[in-house]
Amino acid sequence: MARKASLSGFPEWLPNERLVELHVLDTLRRTFELHGFSNVETRAVETVGQLLRKGDIDKEVYGISRLQAGESTGDDPNALALHFDLTVPFARYVVENAGHLSFPFRRYQIQKVWRGERPQDGRFREFTQADIDVVGDGTLPFKYDVELALVIAEALEALPIGDFKLRVNNRKLAEGFYLGLGLSDTAGVLRNIDKLEKIGAPRVKDLLLDEVGASSDQADAALALAQIRTEDMSFIEKVRALGVEHELLEQGLAELGEVVEMAVRRAPGRVVADLSIARGLDYYTGTVYETVLVGNEKLGSICSGGRYESLATKGNRTFPGVGLSIGVTRLVSRMLADESAVASRHVPTAVYVTLAQNDSWSDAQDVAAQLRARGISAEVAASAEKFGKQIKFADKRGIPFVWFTQEDGTHEVKDIRSGEQLVADPATWMPAAEDLTPRIAAATA
RNA sequence: GUGGGUAUAGCUCAGUCGGCAGAGCGUCUGGUUGUGGUCCAGAAGGUCGCGGGUUCAAGCCCCGUUACUCACCCCA
């Protein structure tokens, strides 16, 4: 059971919960590196001017000020603030280090981010994001849009989170469609279509009529597009059947088709073409991704991103990119809440070395050192309490083995779960591989 | 930022009409004096969120406040 933090929105896990989070982080790191992504870390703060480049989100940003100085971060673009995602800092990093990087540059970045939003289930003010992006110099082949969807599907598949769906759409497809319909405020249409799942078609239609000046037919057509959802290439025929024509629409169909075609082959069942996905942020220009846990759709997206033709600019150079961001904290909070993953024990210790007499502590440390030298985590009792108490100490922590040294200098090790106690040699004894370190087990559904 | 709900032991929660602060679980100790888990007995553990008011008397009623929480907004 996930414990609620004392400061809302700033979660702090217990040791066994943190083990689950570490397992997620280790798994992501391993998957990303297997696919050749380099890691970078950027500073926690950016200037306000830098952060607000991509939109009016100043309400979400935590400013930094020195208490003594009584400074106000107010409107000063040079004031410092905590980053609220990893994409904007990465864009700055790319520009500043362009001369040292080789493009296309693929990097992953796993860090805390901060947002001054009202916390709720699965929504935090301090949380960890795991980003992967590929950024090019001037151009970036579309194949990366396909590749990133597959890398993310693989990464999520390696986690004990149950079934998920990576929903993919394409901005060009949607915008071309709206333009072909004669709706020029494509951003406005997108913004309202994005609410479809939450508020339903009738209310979205009202919004389209009121806010973007669509006719009833135009609104119906936009809604019809958004209702298309297929796990194969058939979405293309369904779009064509709506009878709208536009050059941008054709481009979008071709691009989304490429992602879906490859996903069907390489990640079957994980990717769905979902033409209702819009994504709130307006810097996406092509592919957009959003991921939900099947059965936990209300939690919101656990991973999203997209293609942006201009991640950053430097002089007359532009750096297009495509990337996705996994909401690690949201994911972990869900895994803890529904106990879909639990640590096999609370501590790293595999062997608890007991003490027969208080003055045998140093000898016990010699035993522990021999075990540690072979990669076995060992801990020595602090006082020679009754063996019953020492065993209980280990049992409460889930330590699987208790070590006894006899008066004659021989050793025995007890498996605390079976009660089986055998003669053992500290120079050669090994626990079973699954007992060496805490394991994260997926609950069997 | 807007609206609703909640706040009592480490955890989950009772607390009647305003009249001595409670239970279960957990923790600790002992039974069992150097091999745990079960069982039995006992113990410790409280700023009743905080501040004010009404009253002979407030966990309970009134006002304020803070935190938490759900929804809106927005997003991982």
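Convention: sequence-line order gives letters A, B, ...; per-chain numbering from 1.
- Nearest approach of A:T329 to A:W13, heavy atoms of both residues: CG2-CZ2, 4.2 Å.
- The side chain of A:K386 has B:rU33 as its nearest neighbour among B:rU33, B:rA71, B:rA76.
- When the P atom is used for both B:rC28 and B:rG45, the distance is 16 Å, rounded to whole Å.
- Between the CZ atom of A:R203 and the C1' atom of B:rC72 there is a distance of 10 Å, given to the nearest Å.
- In the set B:rU35, B:rA76, B:rA71, the nucleotide with an atom closest to the side chain of A:F404 is B:rU35.
- Taking 4.0 Å as the cut-off between side-chain N and carboxylate O, A:K165 and A:E231 count as a salt-bridged pair.
- Among the nucleotides B:rA76, B:rC68, B:rU35, the one closest to any side-chain atom of A:R125 is B:rC68.
- Of the listed nucleotides (B:rA76, B:rG36, B:rC73), B:rG36 has the atom at the smallest distance from the side chain of A:I416.
- If you measure from atom CD of A:E420 to atom C1' of B:rU35, you get 15 Å, rounded to the nearest angstrom.
- Atom pair A:R417:CZ and B:rG37:C1' shows a separation of 14 Å (rounding to whole Å applied).
- Nearest nucleotide to the A:K396 side chain, out of B:rU33, B:rC72, B:rU27: B:rU27.
- In this structure, the CZ atom of A:F393 is 13 Å from the P atom of B:rU29, given to the nearest Å.
- Checking B:rU35, B:rU27, B:rC73 against every side-chain atom of A:K414, the shortest atom distance belongs to B:rU35.
- Aromatic rings of A:F393 and A:Y352 (six-membered ring for Trp) have centroids within the 6.0 Å cut-off, being under it.
- For A:S8 and B:rU69, the shortest distance from a side-chain N or O to OP1 or OP2 is below 4.0 Å.
- We find that CZ of A:R123 is positioned 6 Å from C1' of B:rC74, with the value rounded to whole Å.
- Residues A:T329 and A:S418 both approach RNA chain B. Their nearest nucleotides, taken by heavy-atom distance, put A:S418 toward the 5′ side.
- Note that A:R107 lies outside the cation-pi zone of A:F37, set by a 6.0 Å cut-off to the ring centre and a 45° limit from the axis.
- Between B:rG36 and A:Q390, no contact under 4.0 Å exists linking OP1 or OP2 to a side-chain N or O.
- For A:R118 against B:rC72, a side-chain-to-base donor-acceptor contact under 3.5 Å is absent.
- Nucleotides B:rG3 and B:rG64 have their P atoms positioned 14 Å apart, rounded to a whole Å.
- Put simply, the side chain of A:Q421 and the base of B:rU35 share a donor and an acceptor less than 3.5 Å apart.
- Between the P atoms of B:rU12 and B:rU54, the separation comes to 35 Å (whole Å).
- Looking only at atom types and distance, the side chain of A:W114 has no donor-acceptor partner in the side chain of A:H83 under 3.5 Å away.
- Distance CD (A:Q120) to P (B:rC74): 13 Å, rounded to an integer number of Å.
- Taking for each of A:D121 and A:A356 the nucleotide of RNA chain B with the nearest heavy atom, the 5'-most of the two is the partner of A:A356.
- Nearest nucleotide to the side chain of A:K389, out of B:rC68, B:rU29, B:rA76: B:rU29.
- Between B:rG5 and B:rC11, the two P atoms lie 25 Å apart (nearest whole Å).
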